[in-house]
J.: 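I have a structure here, written as structure tokens, and I will follow up with some questions on it.
Naming convention: chains lettered A, B, ... in sequence-line order (proteins, then strands); numbering from 1 in each chain.
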Amino acid sequence: MLHLNDIRNNKEKYIELLKIRGVDFSDIILSVIEKDDERKEIQKELDQILALANQNSKKIGDFFKKGMITEANELKKKSIDLKNKSKQLQNNKNQVEENIKDMLTQVPNVPHESVPIGSSENDNVIISKGGEIPNLNKNCIPHWDLVEKYNLIDFELGNKITGSGFPVYKGKGAVLQRALVSYFLNKNVAAGYTEYLPPFMVNETSAFGTGQLPDKEGQMYSVPDDNLYLIPTAEVPVTNFFRDQIISDFPVKCTAYSPCFRREAGSYGKNVRGLNRLHQFEKVEIVQIEHPDKSFDTLNNMVQHVESILIELSLPYRILKLCGKDLGFTSSLTYDFEVYSAAQKKWLEVSSVSNFCSYQANRLKLRFRDENGNTSLCHTLNGSALALPRVYATIIENNQSENEIRIPKVLHPYTGFDVIR
RNA sequence: GGUGAGGUGGCCGAGUGGCUUAAGGCGCACGCUUGGAAAGCGUGUAAACGGGAAACUGUUUCGGGGGUUCGAAUCCCUUCCUCACCGCCA
């Protein structure tokens with residue numbers, strides 16, 4: 001959620017920048033400010049009444065102590081009047097505040113000025129490319145066939161015990177998965193991130209804190225008996241660590257491995273084939289909490305960090321700056337990382353690194369103390385480093401030959417083998 | 001799952017309806033003291049939303065929500081959470 005004072009102070013600028021998303025939010029911005037003026041008026045009046053009522057209560061206490069019963073009773077009557085008035089005002093205020101909140105939740109984050117205008121994903125801008133697309137021979141096969149051929153993943157077994165989208169990794173296939181997790185975590189720790197292993201379920205408050213609730217409720221698995229939700233990403237528990245906090249040392253850098261659970265309601269067809277889209281997948285996440293002045297530099301650092309991992313894995317990749325249309329609701333600037341899956345012959349998203357500025361921090365009440373000693377909202381950033389399934393799929397597809405799959409060198413210490421036959 | 005005890009400021013902890021403007025302590029900051037430090041002494045020490053150029057000031061907040069009352073940390077209802085013991089258990 002945007003902060004009201006920020007909207008007030010940057011009204012024109014925000015309206016202009018929001019147009020990058022291809023939607024005009026000026027009406028809603030202006031009426032939010034109008035409603036807020038109304039709120040202030042009501043509060044002023046309410047505060048005065050409550051102040052008077054508080055004074056009266058004290059006087060009544062004094063009167064009773066002095067035995068001045070008549071005076072006390074008279075004042076009591078006045079206080080009852082005040083009370084009725086304040087109740088009404090309180091109701092008005094609540095209503096107006098709810099109104100404001102409703103409007104605010106409809107406004108997405110303000111795009112960074114560098115975000116390109118666009119009408120579809122085709123307008124995302126490729127800012128960097130690397131790696132070699134391998135020349136596979138024409139007998140090459142996609143990963144869903146490879147995992148069967150080499151006995152690495154059993155989708156049918158997952159179907160049997162849970163349902164589609166819940167693969168079972170086995171043998172070297174499971175080791176490879178574990179190797180990737182360890183490798184990613186080590187890379188992130190070496191880059192200064194502190195490793196966490198968070199709970200894989202969160203309570204309702206946390207789901208609200210990072211914005212999964214109320215709007216994305218249908219995307220999460222829930223455990224209604226215990227009022228818990230299975231996390232769709234480690235971002236949810238990790239970012240919520242810092243809910244309601246006043247941070248004193250920047251930057252806060254966290255990394256966490258977790259399985260991610262997503263209902264993916266509405267997905268279908270070849271996009272969900274094999275490892276491309278799952279209900280449970282594994283991911284290593286990086287999260288940073290940063291001073292507003294530095295957050296965009298930090299975003300660049302995070303992009304470089306993720307890029308370095310893809311380079312070490314020798315995967316063909318490209319980095320896209322998302323255009324206004326494709327930019328997530330809560331993000332101000334996002335870079336997507338895609339790797340080229342040589343057997344499927346398409347680009348697969350493996351990471352998305354975003355600066356949310358103060359949009360998440362506002363809801364989380366995540367603040368720091370500025371040079372004047374006032375509290376101010378932090379900026380939050382996160383990204384995947386990396387999501388496993390598509391990296392996994394691309395590694396085995398791109399490194400396949402007739403009778404074997406070669407494992408990228410950087411993973412050998414983690415797998416203990418360099419080839420799958 | 002059963003029983004019991006709790007949830008108060010950055011932390012510990014007192015507080016059974018108005019003398020609470022939340023005692024006292026710890027921590028932290030600043031000052032005095034010192035050659036320098038420690039100790040000691042003194043002062044200050046939450047957040048949100050308002051008013052004000054500022055000094056300052058109003059309201060709200062004692063886990064959350066609701067209620068009783070002129071007045072609630074304190075009484076009532078409800079809900080969440082934590083801890084202890086028992087049961088079960090990797």
J.: Which parts of nucleotides 6-11 of chain B does protein reach within less than 4.0 Å, heavy atoms only, written one letter per nucleotide 5' to 3' as B for base, S for sugar-phosphate only and - for none?
T.: ------
J.: What does G7(B) pair with, Watson-Crick or G-U, if both distances are under 3.5 Å?
T.: C80(B)
J.: With sugar-phosphate meaning primed atoms plus P, OP1 and OP2, does N54(A) contact a base, only sugar-phosphate, or nothing at under 4.0 Å between heavy atoms?
T.: sugar-phosphate
J.: Does one side chain, of D336(A) or S352(A), offer a donor that lies under 3.5 Å from an acceptor on the other?
T.: yes
J.: Can you tell me how far C1' of U21(B) sits from NZ of K58(A), to the nearest Å?
T.: 7 Å
J.: Which nucleotide, if any, forms a Watson-Crick or G-U wobble pair with A54(B), using both distances under 3.5 Å?
T.: none
J.: Do the charged groups of K19(A) and E16(A) touch, with an N to O distance under 4.0 Å?
T.: yes
J.: For the CD atom of Q400(A) and the NZ atom of K149(A), what is their distance to the nearest 0.5 Å?
T.: 7.5 Å
J.: Specify the separation, in whole Å, of atom CD1 of I60(A) and atom C1' of C70(B).
T.: 3 Å
J.: Rounded to whole angstrom units, what separation is found between the CG atom of N203(A) and the C1' atom of G64(B)?
T.: 13 Å
J.: Using the P atom in both, what is the distance from U57(B) to U21(B), to the nearest Å?
T.: 16 Å
J.: Side chains of T298(A) and Q288(A): donor-acceptor distance under 3.5 Å anywhere?
T.: no
J.: Assess, by modelled atom type and distance only, whether the side chains of D370(A) and H291(A) contain a donor and an acceptor separated by less than 3.5 Å.
T.: no
J.: Would you tabulate the pairs of protein nitrogen or oxygen atoms and nucleotide nitrogen or oxygen atoms of nucleotides 47-51 of chain B closer than 3.5 angstrom?
T.:
| residue | atom | partner | partner atom | Å |
| --- | --- | --- | --- | --- |
| A47(B) | OP1 | R369(A) | NH1 | 2.7 |
| A47(B) | OP1 | R369(A) | NH2 | 3.1 |
| A47(B) | O3' | R367(A) | NH1 | 3.2 |
| A48(B) | OP1 | T375(A) | OG1 | 2.3 |
| C49(B) | O3' | R39(A) | NH2 | 2.6 |
| C49(B) | O2' | R39(A) | NH2 | 2.8 |
| C49(B) | O2' | Q43(A) | OE1 | 2.4 |
| C49(B) | O2' | Q43(A) | NE2 | 3.4 |
| C49(B) | O2 | Q43(A) | NE2 | 2.8 |
| G50(B) | OP1 | R39(A) | NH2 | 3.1 |
| G50(B) | O5' | R39(A) | NH2 | 2.9 |

J.: Nearest nucleotide by nearest heavy atom, which residue falls closer to the 5' end of RNA chain B, K87(A) or Q48(A)?
T.: Q48(A)
J.: Is it true that Q177(A) and Y392(A) share a donor-acceptor pair across their side chains at a distance under 3.5 Å?
T.: no
J.: Who is the Watson-Crick or G-U wobble partner of C85(B), with both distances under 3.5 Å?
T.: G2(B)
J.: L52(A) CG to G58(B) P: how many Å, rounded?
T.: 14 Å
J.: Can you tell me the base-pairing partner of A38(B)? Count Watson-Crick or G-U wobble geometry only, both distances below 3.5 Å, and say none if there is no partner.
T.: none
J.: Using purine N1 to pyrimidine N3 plus N6-O4 or O6-N4 for Watson-Crick, or N1-O2 and O6-N3 for G-U wobble, each under 3.5 Å, what pairs with G44(B)?
T.: C28(B)
J.: Determine the Euclidean distance between corresponding P atoms of A14(B) and G4(B); express it in Å to zero decimal places.
T.: 23 Å
J.: Calculate the interatomic distance between E41(A) atom CD and G58(B) atom C1'; express it in whole Å.
T.: 15 Å
J.: Please measure how far the P atom in G18(B) lies from the corresponding atom in C30(B), and state the result in whole Å.
T.: 40 Å
J.: Taking atom CD of E97(A) as the centre, does the number of heavy atoms from other residues, nucleotides or ligands within less than 6.0 Å exceed 12?
T.: yes
J.: What does S79(A) touch in the nucleic acid at a heavy-atom separation under 4.0 angstrom: a base, only the sugar-phosphate, or nothing?
T.: sugar-phosphate
J.: Nearest whole angstrom, please: distance from the P of U59(B) to the CG of L89(A).
T.: 15 Å
J.: From N91(A) CG over to K87(A) NZ, what is the distance, rounded to the nearest 0.5 angstrom?
T.: 9.0 Å
J.: Expressed as a whole number of Å, how far does the C1' atom of G36(B) sit from that of C32(B)?
T.: 16 Å
J.: Please report the distance, rounded to the nearest Å, between CD in Q90(A) and P in G58(B).
T.: 19 Å
J.: Hey, what do you get for CD (E338(A)) to CG (N124(A)), rounding to the nearest 0.5 Å?
T.: 8.0 Å
J.: A23(B) and G40(B): how far apart are their C1' atoms, nearest whole angstrom?
T.: 23 Å
J.: Any donor-acceptor pair under 3.5 Å linking the side-chain atoms of N276(A) with those of Q344(A)?
T.: yes
J.: Taking the P atom in each of U61(B) and G9(B), what is the distance between them to the nearest angstrom?
T.: 15 Å
J.: Could you state the atom-to-atom distance from CG of D226(A) to P of C80(B) in whole Å?
T.: 11 Å
J.: Taking the C1' atom in each of A46(B) and G27(B), what is the distance between them to the nearest angstrom?
T.: 14 Å
J.: Are a donor atom and an acceptor atom from the side chains of H143(A) and E397(A) found within less than 3.5 Å of each other?
T.: yes
J.: Which value, in whole Å, describes the distance between the C1' atoms of nucleotides U20(B) and U8(B)?
T.: 13 Å
J.: Suppose we define a pair by two distances each less than 3.5 Å, Watson-Crick or G-U wobble; what does C70(B) pair with here?
T.: G18(B)
